[in-house]
Novice: 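Take this structure, written in structure tokens, and hold onto it; I'll ask about it next.
Labels below follow one simple rule: chain letters A, B, ... track the order of the sequence lines, proteins then strands, and each chain is numbered from 1.
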Amino acid sequence: MENRGKSPLSDESKQPKQKKAFFISADYHVYGERTYVRLLMKGRRFFRLYKFCEPYFYIDAPESQAQKILSACAFDKGQQIRPLRVEPVAKILFGKEKKLLKVFAKYPFHVPPLKDTLKEYQAYEFNIPFAKRFIIDNGLEPFSLVTYSRRGRILDSIVSSSARPIQLRTMAFDIETYNPAGVPRPTQDPIIMISYATNSGKSGLLTWRDTGKDFASILKGEKEMIEEFCRVVKDEDVELMVGYNTSQFDLPYLQARASALGAKLSLGRDKSSFKLAQRGLRKEAKIQGRIHADLYSVVQFLGIIGALKVSKYTLENAYRELVGKESATKSLVKKLAIWQMWDDEGQRKLLAEYSHNDSLETLELAQKILPVEMQLSRITKTPLFDVVSSTTGQLVESLLMRASFEHNQIVPNKPGEQEIRQRTANMIQGAFVKLPTPGVYENLVVFDFRGLYPSIICSHNIDPYTLNCSDCGKEESHLSPQGHRFCSKKKGLIPLVLEGIMEGRAGLKDKLKKLPKESQEYADVFAQQQALKILANSYYGYLAYARSRWYSRACGESVTAWGRHYITETAAKAQDAGFNVLYIDTDSLFLLLGNKTKEDALAFMKKVNSQLPERMELELEAFYLRGMFVTKKVAGEGDTGAKKKYALLDEQGRIKIRGFELVRRDWSKIAKETQSRVLNAILKEGSKEKAIQIVKDTIQALREGKVPLEDLAVYTQLNKDPDKYLITSPELAAAKKAIKAGKAIDSEAVIAFVITKSGASISEKATVLEMAKDYDANYYIEHQILPSVLKILRELGVTEDDLKFKGKQTGLEGFF
DNA sequence: TAATTCGCTAGACCGA
DNA sequence: TCGGTCTAGCGAA
């Protein structure tokens with residue numbers, strides 16, 4: 001961004017005018033000798049404002065050194081770099097007041113060399129992105145209404161004034177490519193369709209062959225189609241462009257085709273195309289003057305925090321799980337056959353529908369998931385483009401950086417590699433899990449601590465800089481079970497921020513109760529509280545995260561130690577009150593009612609709550625009619641109970657299942673379905689016989705070769721480069737075979753494989769689903785069906801032999 | 001190069 | 001062919 005253009009800001013002399021607009025985002029630009037922050041604003045339309053601004057950082061040096069520091073000299077590409085000026089400032093460093101020097105630089109890229117030149121002093125806040133710095137220092141909040149004054153395009157003053165609903169002109173888009181070689185080749189395979197859909201209800205398809213569809217516009221050729229797409233984006237004055245995997249695929253492909261055809265891909269407001277910004281392992285496309293949001297990143301984020309569970313992050317899966325509908329056309333088109341459909345006049349119509357529908361569904365998905373992202377953007381004061389590609393750690397960090405600035409505190413530095421290694425090697429003890437006794441139980445109650453870790457952090461003021469404070473006496477401070485003391489007088493930054501989040505969320509949840517479920521306001525408030533929940537749950541992880549600026553082993557281990565303390569203490573109380581404690585995991589407690597009533601259970605909960613610290617609360621999760629815990633195999637020893645694996649039947653007849661094979665994607669559909677049916681037969685109907693019959697029928701179907709290959713596929717992700725594995729797992733072997741056969745398998749791909757008849761080891765038998773011709777029935781019976789159902793049926797005294805066919809049926813085994 | 005730890009399970013690998 | 005150990009993936013919270 002150090003692109004030094006001529007200043008466009010010639011009209012600085014005009015009178016300032018007071019105005020209101022929405023603040024959207026900021027970046028920076030260097031014009032000649034000055035660095036300007038460039039703000040993207042929205043009035044009726046998007047527009048830009050500029051503000052001259054000087055980058056700075058802090059160094060820990062006495063004021064007497066100011067002159068010396070001012071004359072320090074660094075070099076960048078042979079150019080001399082000197083500080084612009086040096087100011088003494090009083091800040092709070094690591095919880096204590098401290099005099100520092102604030103060193104100003106001309107350009108953001110002067111900061112690192114200056115900091116290096118002054119390496120005899122400890123430096124702070126030298127690697128905060130400049131635009132982010134500006135947003136923090138000016139108290140700006142994306143999507144909020146601001147009052148500002150300007151002279152021409154130069155910003156004079158700006159104040160965030162209020163939160164107000166904002167509507168962005170949104171467009172979803174998607175391209176289809178000609179792919180005779182499987183994967184389309186950007187140098188030779190054309191784009192055949194571009195579809196789009198806007199939130200104003202407009203949608204269409206651009207293509208260059210007749211499709212017989214009235215939503216399609218037929219252009220002269222591919223080049224004209226790409227240019228027409230740019231025109232549509234411009235005419236619609238798109239503010240928010242959304243797509244699925246558009247950063248990785250659609251946009252780069254559009255770019256490549258545009259250059260191959262001599263067309264210009266003008267998507268930005270300044271007619272530029274897009275820029276790729278590195279975001280972790282991914283690249284994220286940035287379109288000038290608009291917000292580009294690739295929903296793939298958001299879906300992945302939702303997967304990481306556990307808000308979404310899918311085997312593969314495809315648009316189809318995300319749409320099903322998040323929008324709650326089945327895709328209208330996905331099943332009608334096979335990706336690999338797209339080129340044939342394009343060439344076949346009869347099928348082109350269907351392809352057009354499919355493409356058009358992709359954009360419509362992408363738009364629907366965006367409308368479902370972007371509200372939460374927009375709330376995260378506001379709360380963390382991070383522009384939406386950055387939020388959609390942020391990790392939980394970055395969001396938490398943003399919030400803490402803002403709070404630091406507001407409280408005159410210095411942001412702690414990021415750890416160096418050595419420090420990171422040390423932190424990683426030095427693991428923090430986590431939660432407590434009680435070993436359950438396997439069996440089927442009746443009448444259970446499950447309690448859990450609401451937001452256990454966040455509430456512990458707040459209740460005990462856990463923060464790196466309240467640790468071992470000198471402000472309060474030993475007796476007054478919070479003493480953790482591990483012996484760490486936290487100040488009881490001065491609230492730490494982390495508890496302060498977290499308390500704000502939790503109180504905000506509590507308020508929103510109250511508000512939610514009073515709103516009609518179908519109203520827009522309900523949806524808005526729901527998104528807000530969801531965003532706060534995501535953040536609250538991330539704080540403990542951030543404290544214990546090795547690359548965290550606010551890492552503290554003492555804090556992390558105190559949080560978990562208090563967690564173990566409260567859950568085991570509550571379990572002991574339950575035991576004393578006459579309940580049987582069946583199972584415990586982290587923050588939840590499973591009790592057998594026995595001869596106690598539900599009222600007794602609720603009274604117990606009330607009593608526990610009266611004894612807990614203010615912010616902590618035990619909640620009723622639910623009462624259950626039946627529950628089942630199973631055994632696990634222990635090599636060499638007798639079997640014991642399995643943790644993290646149970647099934648519960650609630651009073652409405654719904655089954656809640658955790659940990660069983662049937663919730664795992666690395667088991668075949670046939671095994672998962674059979675296990676699910678068996679579990680239902682036992683928990684709901686109490687019929688062992690029915691369960692046994694289900695298993696027998698499945699085994700027979702497998703032996704007779706009646707089970708479709710799709711039901712036999714196991715889905716597993718490869719997480720490394722194929723060459724870097726020490727062991728050849730079935731999925732790796734299958735992937736290697738597929739690569740050899742010319743199929744494109746990217747690293748991190750989810751491999752769907754089937755165990756076939758040919759080969760000796762299981763790996764040798766593993767073949768990717770699309771290439772598999774047959775299946776090894778015996779493998780599926782012995783390694784998929786029996787282990788998964790026996791886990792359950794053994795509790796009822798059923799043996800392996802009871803499930804396998806006997807008498808006249810045994811002959812079949814030899815036959816197949 | 002981007003939140004944590006606890007826990008289960010499989011299949012490969014290795015030595016007897 | 002066996003049993004123990006290791007690698008790897010995924011889920012619970």
Novice: CZ of A:Phe447 versus P of C:dA13: gap in Å, rounded?
Specialist: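 So the CZ-P distance, A:Phe447 to C:dA13, works out to 17 Å.
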
Novice: In this structure, how many angstroms lie between the C1' atom of B:dC14 and the CD1 atom of A:Ile727, rounded?
Specialist: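 One finds 11 Å between C1' of B:dC14 and CD1 of A:Ile727, rounded.
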
Novice: Rounding to an integer number of Å, can you tell me how far A:Tyr646 OH sits from B:dC6 C1'?
Specialist: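 Taking atom C1' of B:dC6 as the reference, OH of A:Tyr646 is at 14 Å.
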
Novice: Whole Å only: how far is the CZ atom of A:Arg664 from the P atom of B:dT9?
Specialist: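 Taking CZ of A:Arg664 and P of B:dT9, I get 9 Å after rounding.
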
Novice: If the condition is side chain to side chain contact (heavy atoms under 4.5 Å, CB included), which residues does A:Ile739 pass it with, not counting sequence neighbours?
Specialist: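 Side chain to side chain contact (heavy atoms under 4.5 Å, CB included) list for A:Ile739, sorted by chain: A:Ile745.
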
Novice: Less than 4.0 angstrom between a side-chain N/O of A:Arg658 and OP1 or OP2 of C:dA13, yes or no?
Specialist: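 Answer is yes, contact under 4.0 Å.
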
Novice: Just how far, in rounded Å, is P of C:dC10 from CG of A:Leu662?
Specialist: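 Interatomic distance, CG of A:Leu662 to P of C:dC10: 17 Å.
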
Novice: Do the charged groups of A:Glu125 and A:Arg133 touch, with an N to O distance under 4.0 Å?
Specialist: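 Yes, charged N to carboxylate O under 4.0 Å.
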
Novice: Does a side-chain N or O of A:Lys643 approach OP1 or OP2 of C:dA13 to a distance below 4.0 Å, or not?
Specialist: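 Looking at the OP1 and OP2 atoms of C:dA13, neither is under 4.0 Å from any side-chain N or O of A:Lys643.
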
Novice: Is a side-chain donor-acceptor pair under 3.5 Å present for A:Ser389 with A:Arg282?
Specialist: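 No, A:Ser389 and A:Arg282 have no side-chain donor paired with an acceptor closer than 3.5 Å.
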
Novice: Counting only side-chain nitrogens and oxygens, does A:Ser763 get under 4.0 Å of the OP1 or OP2 atom of B:dA12?
Specialist: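 A:Ser763 to B:dA12 OP1/OP2: side-chain N or O found under 4.0 Å.
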
Novice: Please check the phosphate of B:dT5 (OP1 and OP2 only) for any side-chain N or O of A:Tyr545 closer than 4.0 Å.
Specialist: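 Checking A:Tyr545 against B:dT5: no side-chain N or O falls below 4.0 Å of OP1 or OP2.
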
Novice: Could you state the atom-to-atom distance from CD1 of A:Ile755 to P of B:dA12 in whole Å?
Specialist: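 Result: 9 Å.
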
Novice: Where the side chain of A:Asp585 is defined as all heavy atoms beyond and including C-beta, which of B:dA12, C:dG9, C:dA12 is the nearest nucleotide?
Specialist: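 For the A:Asp585 side chain, the nearest candidate turns out to be C:dA12.
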
Novice: Could you tell me whether the phosphate oxygens of B:dA2, OP1 or OP2, come under 4.0 Å of any side-chain nitrogen or oxygen in A:Arg547?
Specialist: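 No, A:Arg547 has no side-chain N/O under 4.0 Å of OP1/OP2 on B:dA2.
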
